[in-house]
Amino acid sequence: MKQYDICIVGSGAGASPVAYELSRAGYRVLVLEKGPYLTEKDFTKDEIAVSRRSIYTPRLREEQHVVETYDSDGSIDRVTAAESGWNFWNGSMVGGSSNLMSGYFHRMKPVDFRLRSAFGPVAGANVVDWPISYDDMEPYFTKVEQLVGVSGRVVEHPFQERRSTKDFPFPPTWEQPISGWFDTACETLGYHSIPTPRAVLPFDALGRSGCSYSNFCGSYGCATGAKGNARAALLEKAKATGRCDILPNVFVYRLDADRQHVTAAHYFDADGRPRTVTAGTFVVAAQAIESVRLLFNSRNDFHPDGLGNANGQLGKNLIFSAGGSGQGRFEFARLNERQRFELMTRGAFVNRSLQEWYVYHQNGRAVKGGTIDFLFEHANPVSRALRELYDDDGNLLWGRKLQARLEHAFTASRIFAFEVFNDWMPTDKCFVSVDESVKDKWGVPVGKIRLYGHPQDIEVGNYLAEKAESVLRQMGAVEIESDISSAPPPNLVAGGCRFGTDPEHSVLDPNCKMHGIDNLYVSDASFMPTGGSVPYTWTIYANAFRVADAIMAALKGRETGYNNVKDS
Amino acid sequence: MINRRTLLFGGAALLLLPAESGAEYARPVTMHAEPYQTIATVHRDLFPGGGGAPSPRLLKAIDYLGGVMRDPYVDDDDKRFLTNGARWLNEQARKDYGYAYYRLPPEQRQQVLQKASGLVWGDNWLWSVLSYLFEALLSDPVYGANTHEAGWRWLRYEPGYPRPKTPLI
Ligand SMILES: Cc1cc2nc3c(=O)[nH]c(=O)nc-3n(C[C@H](O)[C@H](O)[C@H](O)COP(=O)(O)OP(=O)(O)OC[C@H]3O[C@@H](n4cnc5c(N)ncnc54)[C@H](O)[C@@H]3O)c2cc1C
Ligand code: SF4
């Protein structure tokens with residue numbers, strides 16, 4: 001029977017650095033992942049399977065969430081995902097949703113770590129400073145650049161964060177000619193155009209192949225290994241040590257704990273049989289919503305309200321990336337031959353963003369702003385076609401009019417888009433719990449998500465969207481529009497297990513170890529008290545490397561080879 | 001989605017077959033089944049082809065819809081909605097013109113479509129029919145539609161690589 005020191009629940013961005021570091025340091029690691037083990041050879045650009053039928057996420061009839069929203073009169077609207085189709089799953093497979101990310105990577109900035117001190121309290125929101133600083137995290141951001149592989153180019157701009165290395169370890173990926181148009185427009189407007197760092201290898205390195213510019217990156221698995229997903233970048237290397245076992249297709253439904261220790265994890269194996277594993281240290285990294293759900297479902301006599309919930313903090317302050325998106329259209333009719341050719345160059349990345357308004361001033365006060373990433377509309381043809389179904393007055397089109405519109409959209413124009421990322425204010429009104437009345441296919445209560453967007457999120461989002469629109473206008477785009485709302489992007493989720501020094505107001509300590517429990521860590525995005533105005537994954541990876549160091553420090557001197565897996 | 005589902009009501013889902021997957025996603029359907037006859041006619045009215053655009057017949061759009069009806073990844077409610085919508089369209093056509101939709105002349109069919117598109121269920125249903133028609137137009141031919149890549153060629157669309165060798169569903 002195998003002996004394990006560390007048992008990790010989940011295998012994504014939050015889990016893999018722990019598996020990588022601990023297995024390389026000589027500890028025996030077990031990773032339990034509910035999804036299948038897919039590798040490069042399994043990934044194709046099949047829009048029907050991947051995007052239209054969402055084969056990488058569970059079927060909502062079998063596994064779902066309950067979603068609650070506030071009506072305008074303050075009452076709560078409750079709907080199950082099976083009824084509404086509202087899908088909060090992101091990617092169930094070894095490596096988690098990092099397999100499907102686009103890999104837009106930005107570091108959080110120093111100011112993100114002290115939001116409360118820098119901007120003061122926000123009415124109706126629970127803004128706090130982080131218990132660690134940017135300087136504590138910087139070495140880990142650098143580690144991610146080097147081990148996961150981040151490509152880019154450092155340029156001077158007003159919010160360039162401090163770096164311990166001069167530049168990225170990998171140069172930028174191949175860029176679309178429109179990036180030059182973007183740079184020119186920004187120069188005219190006096191903005192600093194930034195090459196977007198990407199978790200994509202431009203050439204073969206780190207034992208992985210370089211990017212093949214497949215034109216289908218976000219939402220799709222990578223067939224070359226260039227994308228810095230958790231499996232390709234870290235788990236395969238952890239496995240190669242011979243000390244990391246990865247069990248796919250197993251669903252962890254409960255952790256056992258006595259007063260101060262987690263003693264076992266219970267899971268259903270690929271055949272639906274209940275099994276149990278014991279280990280010296282447990283790490284939960286099942287993505288924010290599912291991690292919280294597991295901790296609630298692990299309630300027992302010692303922890304009657306769930307693990308880590310002695311002070312009612314579990315699941316609180318759920319956050320998403322606030323903001324939204326926008327777009328404009330470049331019409332062939334307005335371009336010369338060369339510009340048309342440049343516009344239609346396919347596969348290369350736009351790789352441009354703006355952080356000009358990471359902090360801006362309005363009505364005499366400093367406001368925390370955010371990041372704007374620029375990109376082309378996703379190449380998925382069915383979704384692109386569906387966007388053309390209604391005319392400008394909102395009437396459904398069909399017949400020759402529809403055909404003409406499709407032809408024009410695909411062959412005589414191209415949509416250039418942007419995404420706005422700003423802080424989602426953490427509040428008492430946005431949280432995760434479980435719904436005892438709705439069970440998944442294993443009979444386990446599902447996660448219940450209460451959604452609320454603070455008005456400030458939308459104000460800031462709109463401010464940034466206006467700036468982004470001004471760039472598109474300067475570039476010559478038409479039909480410019482944006483959509484900023486409090487609708488949460490399910491793929492950019494964090495919070496629910498805040499870290500902090502005070503157990504009254506947090507679930508985890510500054511090392512992401514659960515307050516009051518000696519051997520349980522949470523290493524996905526749940527720890528984040530605020531999210532920064534950037535997509536989260538670079539921070540998730542970096543923090544998980546930091547947590548790995550903390551676990552190793554705690555384990556120092558202890559015996560390894562401690563535990564085992566057995567039938568329930 | 002929510003609006004659409006609130007409109008669903010019982011009624012036999014004529015086309016529901018046991019879930020199965022296989023290489024032939026779009027295999028020939030039995031055209032005398034009324035929903036298929038209706039939807040095949042709606043396909044032609046919504047997307048006639050011509051001027052470079054492939055016809056639904058060339059795309060095997062109705063056989064592809066048969067695949068959708070067997071697809072375990074498509075929600076049963078969505079499948080029922082497709083067949084129920086065909087039934088409601090025929091009811092509307094019979095009420096206004098005395099015959100099922102697929103038996104009416106083109107001008108009257110356009111009138112029925114116009115009327116339906118102004119109703120919540122009709123707008124949702126036409127959207128749904130068109131979304132699967134677009135799948136037939138733009139999916140990888142491995143699914144059995146988009147014959148000879150006719151949809152891709154018409155829109156000068158280049159697929160991503162690697163392409164699927166077999167349908168994943
Ligand atoms: C389409 C898409 C595009 C994205 N683009 C970007 C981007 O450009 N930039 C960026 O920074 N981020 C992006 N992201 C977000 C990024 O993928 C996530 O932030 C990151 O993967 C989260 O890491 P995680 O470890 O918390 O969760 P995940 O990576 O999702 O891993 C969680 C894993 O836990 C497993 N699991 C859940 N419950 C259990 C259980 N009970 N038992 C066993 N296993 C379980 C899940 O199956 C999953 O594999 C994108 C995401 C998606 C889906
Ligand atoms: S090959 Fe490049 S473009 Fe394609 S999925 Fe991988 S990283 Fe993305």
Side-chain angles (χ1 to χ4, degrees), chain A residues 40-50 52-57 59-61 77 79 81-87 212-217 220-221 223-224 344 346-347 379-386 388-390 394-400 402-404 406-412, chain B residues 1-2 4-6 25 42 45-53 67-68 71-78 110 113-114 116-118 122-123 126-127 129-140 142-143 145-146 151-152 154-169:
Chain A
E40 281 76 20
K41 65 178 180 2
D42 298 306
F43 294 124
T44 63
K45 309 304 177 184
D46 179 344
E47 185 191 13
I48 299 301
V50 174
R52 303 282 304 157
R53 305 289 186 272
S54 305
I55 59 161
Y56 298 137
T57 57
R59 291 186 218 173
L60 295 177
R61 292 260 165 235
D77 230 14
V79 67
E83 289 164 337
S84 67
W86 206 343
N87 193 342
S212 65
Y213 302 99
S214 60
N215 207 29
F216 283 75
C217 199
Y220 286 83
T224 68
M344 297 315 262
R346 128 189 216 295
N380 271 340
V382 177
S383 339
R384 281 171 65 193
L386 282 171
E388 305 299 331
L389 263 184
Y390 290 86
N395 301 311
L396 186 73
L397 290 171
W398 66 78
R400 304 242 182 253
L402 173 62
Q403 290 178 190
L406 280 182
E407 197 167 2
H408 177 83
F410 275 74
T411 65
Chain B
M1 276 305 248
I2 301 172
R4 185 138 51 93
R5 287 223 168 74
T6 54
Y25 191 87
V42 171
D45 292 339
L46 293 179
F47 195 89
V68 171
D71 187 336
Y73 286 91
V74 176
D75 201 281
D76 286 349
D77 280 354
D78 290 340
Q110 286 294 329
L113 282 183
Q114 204 64 52
S117 73
D123 184 66
L126 291 169
W127 187 92
V129 169
L130 277 165
S131 68
Y132 291 118
L133 179 65
F134 285 173
E135 288 188 2
L137 176 74
L138 292 162
S139 57
D140 196 289
V142 77
Y143 284 92
N146 187 13
W152 288 353
W154 171 49
L155 294 177
R156 281 179 247 155
Y157 174 78
E158 232 188 281
Y161 295 92
R163 284 173 50 184
K165 293 199 178 62
T166 50
L168 283 180
I169 48 180

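Chain A is the first sequence line, chain B the second, and so forth, proteins listed ahead of strands; every chain is numbered from 1.
With hydrogens and angles ignored, the 3.5 Å screen pairs a side-chain donor or acceptor of A/Glu47 with a backbone N or O of A/Ser383. Of the possible polar contacts, none joining the A/Asp46 side chain to the B/Pro164 backbone as a donor-acceptor pair under 3.5 Å is found. Not a single donor-acceptor pair under 3.5 Å links the side chain of A/Arg53 to the backbone N or O of B/Asp71. A side-chain donor-acceptor contact under 3.5 Å links A/Lys45 to the backbone of A/Gly221.
Under the rule for a salt bridge (Lys or Arg N to Asp or Glu O under 4.0 Å), the partners of A/Arg384 that lie at least two apart in sequence or sit in another chain are A/Glu377. In this view, A/Glu40 and A/Arg231 satisfy the salt bridge (Lys or Arg N to Asp or Glu O under 4.0 Å) rule, not counting sequence neighbours.
Contacts of B/Asp45 with chain A are made by backbone atoms alone, with heavy-atom separations under 4.5 Å and no side-chain atom involved. Heavy atoms closer than 4.5 Å to chain A are found in the side chain of B/Ser117, but not in its backbone. For B/Phe47, the parts lying under 4.5 angstrom from a heavy atom of chain A are both the backbone and the side chain. Proximity to chain A (any heavy atom under 4.5 Å) is restricted, for B/Pro159, to the backbone atoms N, CA, C and O. A/Leu389 touches chain B through its side chain: at least one heavy atom from C-beta onward sits under 4.5 Å away, while N, CA, C and O do not.
Considering only heavy-atom pairs separated by less than 4.5 Å from chain B, the leading option among A/Asp42, A/Asn215, A/Leu402 is A/Leu402. Note on B/Gly49, B/Gly118, B/Gly151, B/Ser139: by heavy-atom pairs under 4.5 Å with chain A, the leading option is B/Gly49. In terms of heavy-atom pairs under 4.5 Å with chain B, the best-connected choice from A/Ala49, A/Ser214, A/Pro381 is A/Pro381. Comparing A/Leu396, A/Val50, A/Leu60 by how many heavy-atom pairs each has under 4.5 Å with chain B, the most go to A/Leu396.
Note that CZ of A/Phe43 and OG1 of A/Thr224 are 11.0 Å apart. Values are rounded to the nearest 0.5 Å.
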